[in-house]
Amino acid sequence: MSEERVIYEPKAIEAKWQQVWADERTWEVANPGQPGFDDSKPKSYVLEMLPYPSGEPHVGHLKCYAVGDAIAHFRRRHGFEVIHPMGYDSFGLPAENNAIKTGEPPQVATERSIASFQRQFREWGISIDWSRELATHTPEYYRWTQWIFLQLFEKGLAYRTEAPVQWCPKDATVLANEQVVDGRCERCGTEVVQRKLWQWFFRITEYADRLLADFDRLESWPEHVITMQRNWIGRSEGAEVVFRCEEPELDFPVFTTRPDTLFGATFFALAPEHPELMRLVEGTPAEEEVREYVNRVGRESAEERGAEDREKTGVPLGRSVVNPVNGEQIPMFVADYVLMEYGTGALMAVPGHDSRDYAFAQKFGLPVKRVIEGSDPEVAIDDEGLPYPGDGPMTGSGRFDGKGNREAYTEIVDWLASEGRGETAVNFRLRDWLVSRQRYWGAPIPVVYCDACGEDGTAAIVPVPDDQLPVELPEVEDYAPQGKSPLAAAEDWVATECPRCGGPARRETDTMDTFVDSSWYFIRYLDPRNGEAAWDRAAAEHWLPVDQYIGGVEHAILHLMYARFFTKALADLGSLGVQEPFANLFTQGMITRDGAKMSKSRGNTVNPGEYVERYGADTARTYVCFMGPPERGGDWTDEGVEGVNRFLARLWRLCAEVEEKTVAGEVPDGELDGPARELRAKAHWAIDKATRDFQRGFQFNTVISAVMELVNDSYRLKDDLLAGRAEGGAVLRFATATAASLVFPFAPHLGAEIWERLQGGRVWEQSWPEADPALLVGDTVTLIVQVNGKLRDRIEADPEASKEDLLALARASEKVANYLDGKEVVKEIVVPGKLVNLVVR
RNA sequence: GCCGGAGUGGCGGAAUUGGCAUACGCGAUCGACUCAAAAUCGAUUGCCCUUGCGGGCUUGUGGGUUCGAGUCCCACCUCCGGCACCA
C-alpha cells in the first residue's frame, strides 16, 4: 500500500460475505434424524420476536436483530449448535386498513413488505437459517393455527359465549382486554365502547395459577416483565360470601378480600350490567330510574367511567339483602363503580374501611360503621379516623370483638363455611382471552354452524375436520368491516356443508386475533415444512425451550403471556414436553431521536436502509449495540454513527498495514518485552473483558469499547512494533486479528474479512478466543497510596509484594511524607495489590 | 394512589466484591499533513482557585455506617415505565 490511501469500503466486503453465507447455507442447522444433524454439540435456540411486516424495517428492528445475531454468533463460537430462524407475523390490521384505503389486496402489500424485510435482513448480514422461514398468513402456516384452535376447542379451552366486550368503532372489531389502553383502542386510539356480542374466547383464566407459579421455572427474565405479568394476572385471596335477598328470593355471592370487615357492611351494590338487576326492580317504583341509570352508564366510554376523580353515582333499588354475619337488612344499590368483569359483579360495601365505599356512603347519607380499631391519617377523612384500611383489634363485631382482625378473618370465613354461606376464594383480574375479530385479514376460525345438528333452535357449533383444513380465506371485493366480518360477504364461501350431517351449514365468519398466530410460531420453526403435523414431536423436544428470546418490552404482557399459555395448553394436550416457551428473555430498549419516540408525524424517523447504504451494515449494527446498554433505550445521533464508522475504518486500515508489513504466523507465547509484551497483554485483556461483559447481561457497549481500546493501543504501538524484531509484527498481527474476532458478532462482514486476510479461514468456525490468565496479571500494579482516605500518590509495585513491602513503599513516598509530617499514624490499611491507606491524627 | 427502574462531565455512557470517579465514543480546542478544505495522524479536554508549581471541590439533595461510599443504610426531590374505582 505504502503511499496509497486505504479506504474502508463496506459495500464490497459485505456483498462478498453475504454471498458466501447464501451459497454455503452457513447458518442452516438440521433436526435430529436428518442428514447433517450434529449431536455432538449442545443446542441453543436464539430467537428474536418475529417482525410484523408493514412497510420497511425500522431502526427498532435493526436493534433487535443486531442484538440477537450477536448472541447467536457468540453461542456458535462457544460450541453450540445454534438454531436462529426468521419469519413474519403477517396477518393483521395495518395491511387490511391499507386495503380499505387503496383497494390493494392485503396479501399484495404484505408480500411486498416481506420482500423488503428479507432483502434488508440479508443486507444486514443477519445469520438466519433461511430454510426455516415462515409467514403466518400462508395457508401452510394457518392451517396449523386452525388445528390448534380446534384442539383447544375439543379440550373446552376455546368457547363461544355472549358477553359484554370492548368494541372499537373505528376498526369495527372487538378487542382483547389487553388491547384496550386507557379506554382506547391500542391500535387507532379511538375510545372503545362496550357491546354485548357472541364471541370466541380462550380459557386462559384456567391457567392463571400456573402462569404465576411457573415464573419459578424461568431461568432469567427481567424482573419488571414478571412484575407486569403478575400485576396483570392480579391474583387476590379472599372469600366468597353469599348475601340473600328475601324479596324476590335471590342469592348474591360477593367476593371480598376483607371478610374481617363483614360486620361493617352497611349497604350492597350491583354493577349496572348485573344480570339480575332488572329482575329486582321490575314493576317497582325504582324501575324507571334504574333503567335510565343503566342506559346512561352504558353510553359512557370505558375511559369516562374509569376516570380518576369521578364522583360516585348510583340508584337505590328499594330492595335489601341480609348480611349473613349478623342478620341485618342492608339496602341495595346499582352503582357504576362496581365492575361486572371483576368478582361477581356485586359487592358488600364497608364504608368504615374502604375509601370508595366511604365516598358512596357520604353521597347517599348511608351509615359508616367502625369494626376495626385504628386510624391511618393518610387516608382518614372524618373525625372518627375513618375510613381505616389497616389492621387492628375488632370492634362492633359481636363475639369477634377484641381479636386481631387477621385472626378474625380466618375465624369468620371458617364459620361462614360451616354454615354454607361462604368459603375462601381466589379471584383474578385476568379475563379470558377474546380471540375473534370481525375482520378480514386473519386466520378464519375453523367451525361451521349447523341448524339441523343444533337443539332448541340454536345452531350447533361443528368443528371443521382435520382433513378439510385449512379453511382458506375467501377472496372478497370489499375489505371494509360492516359491523360484521367482511368474510360474511363471501356468500358462496359462507354457505357450506355440515361435516357432521351433510346438510346446509354456515361458516364462522370471524377471524382470529393475530396474537394467536404469534403464540406458537417458535414451535413451527422447528419443523416448518411439515405437511402432516404442526410439528414433529422429536424436533420440538430437541430444540425447545427457546434458550434466549429477544424483543421489545412492549410485548411484556400480551404476546409473552399468550405464548406461555399456549405452551402450557399444548403441553397438557400432549403435544409438547415443556411448560415454558422462553427460558431467558432479553428486552431491548427503544431507540429515540431528539429525545422523542420516532414517528412519521413527528418527522424524526430513522430509516436504517439509508445508513446501511451510506456507512454499511457493520457500522449500523455496531452503532446500535454501542449506543448504551442494549436493554436501555438510547438516542440516535448521526455523529455517533460516524464515530463507530470511524472505528471500523480505523480497524480496516490497521488490517491493511498489518497484512502488508507482517507475515502470518503464531504469536510467540514465550517471553516478550517492551511494546510487544504490552500489546499482547492488551489483547488478552480485551478478550477477557469482552467475554465477561458479553456474558454479563449482553453489555455490548463495553464489549465494543474494549475492542476500541485494543485498536487504539495497536495504533499507538504499531510503529515501534513494525520497526523492531519480527516478534513485534507477529504480536501486531495477533492483536489486529483478535480485534476482528471480537468485533465479529457485531460487524460480521468486516470481522470475517480481516480474519481471512490475516489468519486465513473463517472466523465463525473459530472458537471464541480465550484469555491466558497468566497474561492478565500485569508486570507491576499501581499502588494507590491514601492518607486519611485521600489519594496522595501512585507507585508502581510488584504484584506479589507483601503487606510490609507495600507499607514501606508507601511511607517512602515523598508526597506522602508531606502529609505525615508531625502527625501520628494511628491506623494502616493495606489491600494487597491495590492500596495503602494511612490514617493519621 | 400502588408496583417497578433510573439520576455520574457540554452529550451518550464506564466504574466487576465498598478501594485510582469520569473507560470508550461524541463534541470542542490545538498541532502535523495540505495552496486550502475534507479525510487521516497526534495532543489537550470534569469544575473552581493559581502565571506556574500546586491546592481545593465533584456522582440528584440531606443525613448515617466505614480507614475508605457513585456503590451499603435512612429520609427526601426529580424523571421514566407499568397498573389503576380490581371489592
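Lettering follows sequence order; numbering is per chain, from 1.
- Of all heavy-atom pairs spanning A:S236 and A:Y342, the tightest one is OG-OH, 3.2 Å.
- In this structure, B:U51 forms no base pair with any nucleotide, since neither Watson-Crick nor G-U wobble geometry is met with both distances under 3.5 Å.
- Place A:I704 and A:E341 on RNA chain B by their nearest nucleotides, and A:I704 ends up nearer the 5' end.
- Counting only heavy atoms from C-beta on, A:I829 has its side chain closest to B:C67 among B:A87, B:C20, B:C67.
- An OP1 or OP2 oxygen of B:C41 is reached within less than 4.0 angstrom by a side-chain nitrogen or oxygen of A:R650.
- B:G31 and B:C41 make up a base pair, with Watson-Crick or G-U wobble contacts both under 3.5 Å.
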Report task. Walk me through it: do A:D354 and A:R258 pass the test salt bridge (Lys or Arg N to Asp or Glu O under 4.0 Å)? Result -> CA-CA 10 Å; A:D354 180 283; A:R258 295 295 304 275; over 6 Å; no
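- As rounded to whole Å, 8 Å separates atom P of B:A21 from atom CD of A:Q786.
- Listed nucleotides B:U16, B:C57, B:G27 differ in distance to A:K790; the shortest reach to its side chain belongs to B:C57.
- At a threshold of 4.0 angstrom between heavy atoms, the contacts of A:N712 are confined to the sugar-phosphate backbone, with no base atom among them.
- In this structure, CD of A:E657 is placed 16 Å from P of B:U40, rounded to the nearest angstrom.
- The base of B:C85 sits with one of its N or O atoms less than 3.5 Å from a complementary donor or acceptor on the side chain of A:K312.
- Scanning all heavy atoms of the two residues, the minimum distance from A:A271 to A:L277 falls at O-CD2, 4.2 Å.
- Nucleotides B:C67 and B:G60 are separated by 24 Å at their P atoms, to the nearest Å.
- The phosphate of B:G82 has neither OP1 nor OP2 within less than 4.0 Å of any side-chain N or O from A:R230.
- Applying the ring pair (Phe, Tyr, Trp, His ring centres under 6.0 Å) rule to A:F267 yields the partners A:F333, A:F360; only residues at least two apart in sequence or on another chain are considered.
- Nearest nucleotide to the side chain of A:H224, out of B:G4, B:G19, B:A15: B:G4.
- Listed here is the closest heavy atom pair of A:V703 and A:F694: CG2-N, 3.6 Å.
- A close approach under 4.0 Å does occur between a side-chain nitrogen or oxygen of A:N701 and OP1 or OP2 of B:A14.
- Atom name C1', nucleotides B:C20 and B:C73: the rounded distance is 26 Å, in whole Å.
- The listed nucleotides are B:A23, B:C85, B:C41; the one nearest the side chain of A:Y715 is B:C41.
- B:C79 and B:G5 make up a base pair, with Watson-Crick or G-U wobble contacts both under 3.5 Å.
- As judged by a 4.0 angstrom heavy-atom cut-off over every strand, A:Y819 is placed among residues touching the sugar-phosphate backbone only.
- Between A:W652 and A:Y8, the ring planes lie tilted relative to each other; the angle falls in the 30° to 60° range.
- Under the 90° criterion around 0 for the glycosidic angle, B:G9 counts as syn.
- Atom-to-atom, CZ of A:R716 to P of B:A23 comes out at 15 Å; the value is rounded to the nearest Å.
- Between B:U58 and B:C49, the two C1' atoms lie 15 Å apart (nearest whole Å).
- The separation between A:Q229 atom CD and B:G4 atom C1' is 14 Å, rounded to whole Å.
- The residue A:R235 sits apart from the nucleic acid: no heavy atom pair falls under 4.0 Å.
- Atom CG of A:L717 sits about 10.5 Å away from atom CG of A:L722, to the nearest 0.5 Å.
- With C1' as the reference atom, B:C79 and B:G46 are 23 Å apart, rounded to whole Å.
- The nearest whole Å value for the distance from the CZ atom in A:R646 to the C1' atom in B:A39 is 10 Å.
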With a cut-off of 3.5 Å and sequence neighbours excluded, list every side-chain donor-acceptor pair involving residues 778-790 of chain A.
{"unit_1": "A:D779", "atom_1": "OD1", "unit_2": "A:R677", "atom_2": "NE", "d": "3.2"}
{"unit_1": "A:D779", "atom_1": "OD1", "unit_2": "A:R677", "atom_2": "NH2", "d": "2.6"}
{"unit_1": "A:D779", "atom_1": "OD2", "unit_2": "A:R677", "atom_2": "NE", "d": "2.8"}
{"unit_1": "A:T780", "atom_1": "OG1", "unit_2": "A:E796", "atom_2": "OE1", "d": "2.6"}
{"unit_1": "A:T782", "atom_1": "OG1", "unit_2": "A:E796", "atom_2": "OE2", "d": "3.0"}
{"unit_1": "A:N788", "atom_1": "OD1", "unit_2": "A:V840", "atom_2": "N", "d": "2.8"}

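- Remark on RNA chain B: of its neighbouring residues A:D354 and A:F647, the 5'-side contact belongs to A:F647, judged by nearest-heavy-atom nucleotide.
- The side chain of A:R696 has B:U16 as its nearest neighbour among B:G4, B:C85, B:U16.
- Nucleotide B:A36 is matched to nothing when pairs are restricted to Watson-Crick or G-U wobble geometry with both distances under 3.5 angstrom.
- Nucleotides B:U51 and B:A38, compared at atom C1', are 38 Å apart to the nearest Å.
- Residue A:T782 places its side chain closer to B:C20 than to any other of B:C85, B:A87, B:C20.
- Contact annotation: A:K834 side-chain N/O to B:U16 OP1/OP2 distance is not under 4.0 Å.
- In this entry the distance linking CZ of A:F700 with P of B:A14 reads 14 Å, nearest Å.
- Side chain of A:R653, nearest nucleotide from B:C41, B:A87, B:C20: B:C41.
- Under a cut-off of 6.0 angstrom, the local environment of NZ in A:K815 is sparse, with at most 12 non-hydrogen atoms contributed by other residues, nucleotides or ligands.
- The residue A:S236 sits close only to the backbone: its heavy atoms come under 4.0 Å of sugar-phosphate atoms, none of a base.
- The side chain of A:L791 approaches B:A21 more closely than any other nucleotide in the set B:C3, B:G25, B:A21.
- The separation of B:G70 from B:A15, taken at their P atoms, amounts to 16 Å, rounded to a whole angstrom.
- At a threshold of 4.5 Å between non-hydrogen side-chain atoms, the residues A:Y715 and A:V711 count as touching.
- Look at B:A84: it lacks any Watson-Crick or wobble partner with both distances under 3.5 angstrom.
- The partner of B:C26 is B:G10, judged by Watson-Crick or G-U wobble contacts that both fall below 3.5 Å.
- Note: CG (A:L270) to P (B:C85) measures 19 Å, nearest angstrom.
- Residue contacts shown for A:V338 include a base, since a base heavy atom lies under 4.0 Å away.
- If you check every strand for non-hydrogen atoms under 4.0 Å, A:G643 touches sugar and phosphate atoms only.
- Residue-level contact check: A:F428 touches neither bases nor backbone, having no heavy atom under 4.0 Å from any strand.
- Base pairing of B:G68: no nucleotide in any strand meets the Watson-Crick or G-U wobble criterion (both distances under 3.5 Å).
- The distance from atom CH2 of A:W232 to atom C1' of B:G4 is 17 Å, rounded to the nearest whole Å.
- B:A39 and B:C77: their C1' atoms are spaced 48 Å apart (whole Å).
- Closest to the side chain of A:T702, from the set B:A14, B:C67, B:G27, is B:A14.
- With a 3.5 Å ceiling on both atom-pair distances, B:G18 lacks any Watson-Crick or G-U wobble partner.
- Comparing the same atom, P, in B:G19 and in B:C72 gives a spacing of 11 Å after rounding to whole Å.
- The base of B:C83 does not come close enough to the side chain of A:N231 for any donor and acceptor atom to sit less than 3.5 Å apart.
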